[in-house]
Amino acid sequence: MAASTMAAPTTDHLEPPMAASRTPIRAILAATDALAGERVVVGGWVRAGRVQCGGTMAFLAVNDGSCHASLQLVVEAARVTHPPLDRLAATGTSVLVSGVLRVPPGKSKERIELGVDAVIDAGEVDDPAAYPLPKGRIKLDHLRDFLHLRPRNDTIAAVARMRSELTFATHSFFREMGFLCVHTPIITTDDCEGAGEMFQVTTLFSQAQKADGDLRLKLSAGAPRQDEDDGRTVGFESDFFKRQAFLTVSGQLQAEAYACALSGAYTFGPTFRAENSHTSRHLAEFWMIEPEIAFANLQDIMNYAESYVQYLCKWLLEHCMEDMEFMAKTHDKSAIERLELVSSTPFERVSYTKAVEMLTGSAGSKKFQTKVEWGIDLASEHERYLTEVIFKKPVIVYNYPRGIKAFYMRLNDDQKTVAAMDVLVPKVGELIGGSQREERFDILKQRILDAGLPMESYEFYLDLRRYGSVKHSGFGLGLERMLLFATGLDNIRDVIPFPRYPGKADL
């Protein structure tokens, strides 16, 4: 699809409104000593503080979230009436101060600091000894017990900035490609993947709680049997939507409807899986980017997927280098190198059958936990071996066995495989899954029946084949997996603001 040639309006002349004319720390540190002598207002949270010179002076490392680095504030007790310096220097304290920027004397590691002459406002920590986020390193799994405070942690803050940039980059990429952003429903009546691992949306339980006496729930789509209909039993015909409804596992099917009218559409939103999994790669709620393209075959969608991933990698390298350097220093020293590799290297393309042959040929030198044979769904260890060891670059595996892929994927002429593809990258394995969609009515209908899915839920999907069917393709990228790949972090629960997984739905 061609991008629009119309010039976009610019916002370069706009200045962000800041409370009390507050200057972001990022802007101060970017200018270094060029702003020396300027009076500014700065606000943020104390990451570390110390009181020196017999209690007459405090040095505060303050961060406002605009960047990874902190600004050093120098506060003299004589200039502060409240709170006392020891309370002001406590980790977690919020401060809004005014002062003059200056170059530190002597051999300080700081390029610029703020000499505070007034504390405009301060939010003290009730009990500094009980503050959950100490100055030193803290394990990320421990931070999950303090979801409301963990954005103050350096790692979580860096992930938040990178996540925001990836979101913006996604919209920029698809806008440049001429796609429309479509908001597909979160509540749906279809199971896109056909796996049945869905969260049900119902008001029946609240109805039962409000009713007098013992109201029995009959959780079926039909009406109660005559011998059950005693006036105390309700079924889905009494539910809010008059039928079973679920939280969506994918916006793909709805996005296809728009692509089959507007040529190219993508959806970017939360998706849900009721899979009772406790692994480091699974969440019950996560965010998916799902483009759908009309008049596109499997080769086309592989091209789009490769371009999109490379676009995201280049964006992070250009806009998040400070945070990437922090990740490389503290979590994964190869993080930047990995982004550079993927952003600049053409992806290898290999059929599933060929990939299996290569993996089985490696059996003598590599022992896999899951045996490799034709027909299995490749495990993460297989995917990573392909991309990290065999090819040493990103790999697109295509033409998977029909038995391990969803009903909507186009059946190939061999009747054994479907026109599906997965994009594999170092560190995480599968990053993208996609396919050419089945555009032939009779074949799609049979695939739905073979999958044991309720036909009535997919009549709209069949209509797209009844009325002007078109070859089309699409894929899905999980935002959290992209962040795992970029940051080098090990657990997906640390790259989403408020993780939901079995037994955990805090806040």
Check your understanding: Is there a donor-acceptor contact under 3.5 Å linking the side chains of Arg152 and Tyr131?
Key ->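 Note: Arg152 and Tyr131 side chains meet the donor-acceptor criterion.
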
Review point. Is a side-chain donor-acceptor pair under 3.5 Å present for Thr267 with Gln254?
Key: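 Thr267 and Gln254 do not have a side-chain donor-acceptor pair below 3.5 Å.
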
Could you tell me whether the side chain of [X] and the main chain of [Y] form a donor-acceptor pair under 3.5 Å?
X	Y	value
Ser343	Glu340	yes
Glu113	Val74	no
Arg281	Asp490	yes

**Study point:** pair Phe347-Leu424: side-chain heavy atoms closer than 4.5 Å
**Key:**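 They are not in contact (no side-chain heavy atoms under 4.5 Å apart), so the answer is no.
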
In this structure, are over 12 heavy atoms from other groups packed under 6.0 Å from [X] atom [atom1]?
X	atom1	result
Asp126	CG	no
Gln52	CD	yes
His183	NE2	no
Tyr258	OH	no
Arg26	CZ	no

Review point. Would Leu140 and Arg493 count as a side chain to side chain contact (heavy atoms under 4.5 Å, CB included) if you check the C-alpha gap in whole Å, the side-chain angles of each, and the deciding distance to 0.1 Å?
Key: CA-CA 9 Å; Leu140 295 180; Arg493 298 170 184 178; over 6 Å; no

Practice item. Test Met288 against Gln252 for side chain to side chain contact (heavy atoms under 4.5 Å, CB included), laying out the working first. Key: CA-CA 10 Å; Met288 290 285 290; Gln252 174 199 316; over 6 Å; no

Point to revise | Pair Asp323 + Arg163: basic N to acidic O under 4.0 Å | key: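 Answer for the salt bridge query: no.
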
For the residue pair [X] and [Y], does the interplanar ring angle fall in the parallel (under 30°), tilted (30 to 60°) or perpendicular (over 60°) class?
X	Y	value
Tyr308	Phe174	tilted
His171	Tyr266	tilted
Phe268	Trp287	perpendicular

Review point. Between Phe179 and Phe173, is the gap from one ring center to the other below 6.0 Å?
Key: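 No, ring centres 6.0 Å or more apart.
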
Which atom of [X] lies closest to which atom of [Y], heavy atoms considered:
X	Y	value
Gln310	Pro346	NE2-N, 4.4 Å
Val425	Pro394	CG1-CB, 4.4 Å
Val395	Leu386	CG2-O, 4.0 Å

Review point. Regarding Arg273 and the six-membered ring of Phe286, is the cationic atom NZ or CZ under 6.0 Å from the ring centre and inside 45° of its axis?
Key: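 No, cation not above the ring by the 6.0 Å, 45° rule.
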
Practice item. Decide yes or no on side chain to side chain contact (heavy atoms under 4.5 Å, CB included) for Met177 and Tyr311, but give the supporting numbers first. Key: CA-CA 12 Å; Met177 294 294 105; Tyr311 188 96; over 6 Å; no

